[in-house]
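Labels below follow one simple rule: chain letters A, B, ... track the order of the sequence lines, proteins then strands, and each chain is numbered from 1.
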Amino acid sequence: MTNNNHPVRVRFAPSPTGHLHIGGARTALFNYLFARNLKGAFILRIEDTDRERSTQEYTDFILKGMEWLGFEWDEGPFHQTERMALYREYVEKLLKEDKAYRCYCTAEELEVRRKALLAAGKKPKYEGKCRNLDPRLPAGSLAGSTIHDPRKYCIRFKAPQTGEVVFKDICRGEIKFNREELDDMILLRTDGTPTYNFTVVVDDVTMHITHVIRGDDHLNNTPRQIQLYEALHSPTPHFAHLPMILGPDKQKLSKRHGAVSVVEYKTQGFLPEAMLNYLARLGWSHGDQEIFTKKELIAYFDLHTVGKSPSVFDIEKCKWVNHQHMVRLSDQEIFVATKPYLEELGIEIDVADYDFGTKAVCSEKERGKTLKELAEVSAFYFRDALVWDEKAVEKWLNEEGKKRLKMLREAFAHLKNWDAASVQIAFKEVQEKLEIKKMVDLAQPCRVALTGTTVSPGIFEVLAILGQERSLKRLDHALNTPAHK
RNA sequence: GCUCCCUUCGUCUAGUGGCCUAGGACGUGGCCCUCUCACGGCUAAAACACGGGUUCGACUCCCGUAGGGAGCACCA
């Protein structure tokens with residue numbers, strides 16, 4: 001169905017009435033992967049025909065999210081508000097071919113009918129009151145006519161009423177709708193602006209979209225749109241409806257579930273590639289593989305293997321995936337990635353200390369699942385004024401602990417070489433001299449003095465990274481502080 | 001109410017009629033490693049929504065039921 005002369009063309013078409021959220025990002029991802037996998041074009045289109053709710057601010061948020069995730073688009077962003085003339089043109093075409101008509105019904109009238117139909121247990125569809133009005137009757141100025149009809153009107157699609165619409169969804173297989181179910185939808189509102197179902201079709205036709213990949217909340221719109229393609233004498237694209245992403249309570253993902261915007265995951269310290277990886281695994285899989293690079297995702301992605309049922313966004317697994325990606329980074333990369341989060345904590349690192357910073361941060365890489373966590377957990381390296389864990393101080397920096405630390409401090413002070421091995425030897429000597437059976441009884445006081453807490457990388461590693469001067473300073477400080485607040 | 005869609009461990013998923021005593025991963029429990037915490041290794045518990053068919057044989061095909069979701073706008 002796709003060949004070299006006809007490369008695939010897909011689009012991601014968010015409406016700027018909110019942030020780029022997880023679900024939207026996944027839709028964008030699948031479009032992107034599909035396009036890249038088949039060397040096709042990925043187009044970005046902003047569906048901003050809802051002037052009430054669309055804002056430039058949201059458009060910017062969406063663009064920022066796309067950039068962070070690395071979804072480079074090949075064409076666009078196109079804005080529907082800039083294509084109004086085009087929609088008018090297509091309405092004229094339909095009007096001329098008697099495939100659309102003017103409807104003078106008021107919103108109030110319609111609402112009354114809608115409620116009545118619903119109350120009668122019927123599907124609330126437009127009953128076609130204006131469907132067979134003579135089109136030559138006086139019309140308003142909307143269509144460029146010079147004759148004025150004082151009544152307001154909108155333009156409706158004259159939908160075929162018999163037979164069925166059948167299409168083959170790439171993810172779901174064959175889907176059928178009875179045309180009777182579909183009513184005469186509005187194409188142009190009374191104020192002359194086009195509606196969603198119409199603009200998507202006109203845009204997808206004129207942009208030569210070959211595959212429409214979108215959330216399955218659009219499944220019900222598809223037959224209406226297909227009728228429009230038919231009326232426009234345009235071939236219908238292939239459709240792929242993606243299952244939704246749910247919150248832990250199996251409800252549609254919303255603010256209640258935490259992060260609204262994908263950009264929020266950036267501030268939480270997630271790597272964009274990890275997000276791609278996790279999002280891709282929601283609804284799609286490739287054997288037993290869990291960790292994918294972007295390249296692998298592009299190489300392996302296949303719409304046909306996308307599942308049908310909705311999936312729950314599990315932040316714990318997302319963190320695990322993130323950690324897997326973090327650990328695969330080089331030491332330099334980890335440091336560079338973590339630096340902004342350290343700065344967020346008020347820790348500025350001089351270029352001269354990058355080597356120290358790299359060692360410090362990387363020594364903690366097993367302990368932080370996000371860059372933010374990594375920054376938090378390695379912060380002690382950079383601050384001489386430690387944040388004391390009260391319980392730890394109470395337990396390990398008591399009289400006995402300090403007595404031991406004093407010995408340790410002396411031994412460390414006399415060391416000529418300062419590296420993990422030398423420090424370990426000195427440590428062991430003190431341990432033996434004091435007849436401390438378990439290493440933990442000497443290591444913990446030392447660890448608390450050095451880090452403020454009972455948790456850190458191996459004590460010799462911490463000592464080595466900190467360096468002799470800084471280590472002694474911290475030991476002194478711990479020894480000289482009678483009671484830490 | 002009507003129409004359409006969905007249904008494998010708590011979660012993400014593998015599975016396309018016999019390979020399934022249903023596999024992997026996250027999470028959870030246990031053990032090992034160990035100077036703390038992690039990491040890592042091993043291990044355990046944990047699922048085919050239900051009921052009918054079809055078939056020599058169904059997680060896999062068909063039909064119902066139940067549950068969930070979406071749409072039915074001059075929102076997108």
Mind checking if A:Cys105 touches a base, just sugar-phosphate, or nothing, with heavy atoms under 4.0 Å?
base
Does a side-chain N or O from A:Thr195 land closer than 4.0 Å to OP1 or OP2 of B:C74, or not?
no
Just checking A:Glu290: base, sugar-phosphate only, or nothing, at a heavy-atom cut-off of under 4.0 Å?
base
Separation between CD (A:Gln161) and CZ (A:Arg131), nearest 0.5 Å, reads 5.0 Å
Distance-only check: which donor-acceptor pairs under 3.5 Å involve side-chain atoms of residues 434-441 of chain A, not counting sequence neighbours?
none

Output the single nucleotide from B:C72, B:G24, B:A76 whose closest atom is nearest the side chain of A:Arg224.
B:C72
Whole-Å gap separating P (B:C12) and CG (A:Asp288):
17 Å
Tell me what A:Asp441 touches on the nucleic acid: a base, only sugar-phosphate, or nothing, going by heavy atoms under 4.0 Å.
nothing
In this structure, which one of A:Tyr278, A:Phe292, A:Tyr300 forms a ring pair (Phe, Tyr, Trp, His ring centres under 6.0 Å) with A:Trp284?
A:Phe292
For B:A76, take OP1 and OP2 only and decide whether either is under 4.0 Å from a side-chain N or O of A:Thr49.
yes
Mind checking if A:Leu282 touches a base, just sugar-phosphate, or nothing, with heavy atoms under 4.0 Å?
sugar-phosphate
Which nucleotide in the set B:C35, B:G69, B:U11 lies at the smallest distance from any side-chain heavy atom of A:Met439?
B:C35
Do any side-chain nitrogens or oxygens of A:Gln431 fall under 4.0 Å of OP1 or OP2 in B:C35?
no
Rounded to whole Å, how long is the line connecting atom CD of A:Gln289 with atom P of B:C26?
14 Å
Have a look at A:Gly215 and say if it touches a base, only the backbone sugar-phosphate, or nothing, with a 4.0 Å heavy-atom cut-off.
nothing
Rounding to an integer number of Å, can you tell me how far A:Asp184 CG sits from B:C72 P?
16 Å
Does A:Ser363 have any side chain to side chain contact (heavy atoms under 4.5 Å, CB included) partners at least two apart in sequence or in another chain, and if so, which?
A:Tyr381, A:Pro457, A:Glu461, A:Ile465
Side chain to side chain donor-acceptor pair (under 3.5 Å) partners for A:Arg470, two or more places apart:
none
What is the separation between atom CG on A:Leu279 and atom P on B:U13, rounded to the nearest whole Å?
11 Å
Between the protein and nucleotides 37-42 of chain B, are there any N/O to N/O pairs under 3.5 Å, and if so, what are the atom names and distances?
{"from": "B:C37", "atom 1": "O2", "to": "A:Arg367", "atom 2": "NH1", "distance (Å)": "2.4"}
{"from": "B:C37", "atom 1": "N3", "to": "A:Arg367", "atom 2": "NH1", "distance (Å)": "2.7"}
{"from": "B:A38", "atom 1": "O2'", "to": "A:Glu366", "atom 2": "O", "distance (Å)": "2.2"}
{"from": "B:C39", "atom 1": "O2'", "to": "A:Glu366", "atom 2": "OE1", "distance (Å)": "3.3"}

Please work out if A:His241 contacts a base, only the sugar-phosphate, or nothing of the nucleic acid, heavy-atom cut-off 4.0 Å.
nothing
Filtered N/O pairs between nucleotides 1-10 of chain B and protein, under 3.5 Å:
{"from": "B:G1", "atom 1": "O2'", "to": "A:Gly121", "atom 2": "O", "distance (Å)": "2.3"}
{"from": "B:C5", "atom 1": "O2'", "to": "A:Arg172", "atom 2": "NH1", "distance (Å)": "2.2"}

Kindly write out the residues that satisfy side chain to side chain contact (heavy atoms under 4.5 Å, CB included) with A:Thr370, not counting sequence neighbours, or none if the list is empty.
A:Phe270, A:Lys319, A:Asn322, A:Lys372, A:Glu373
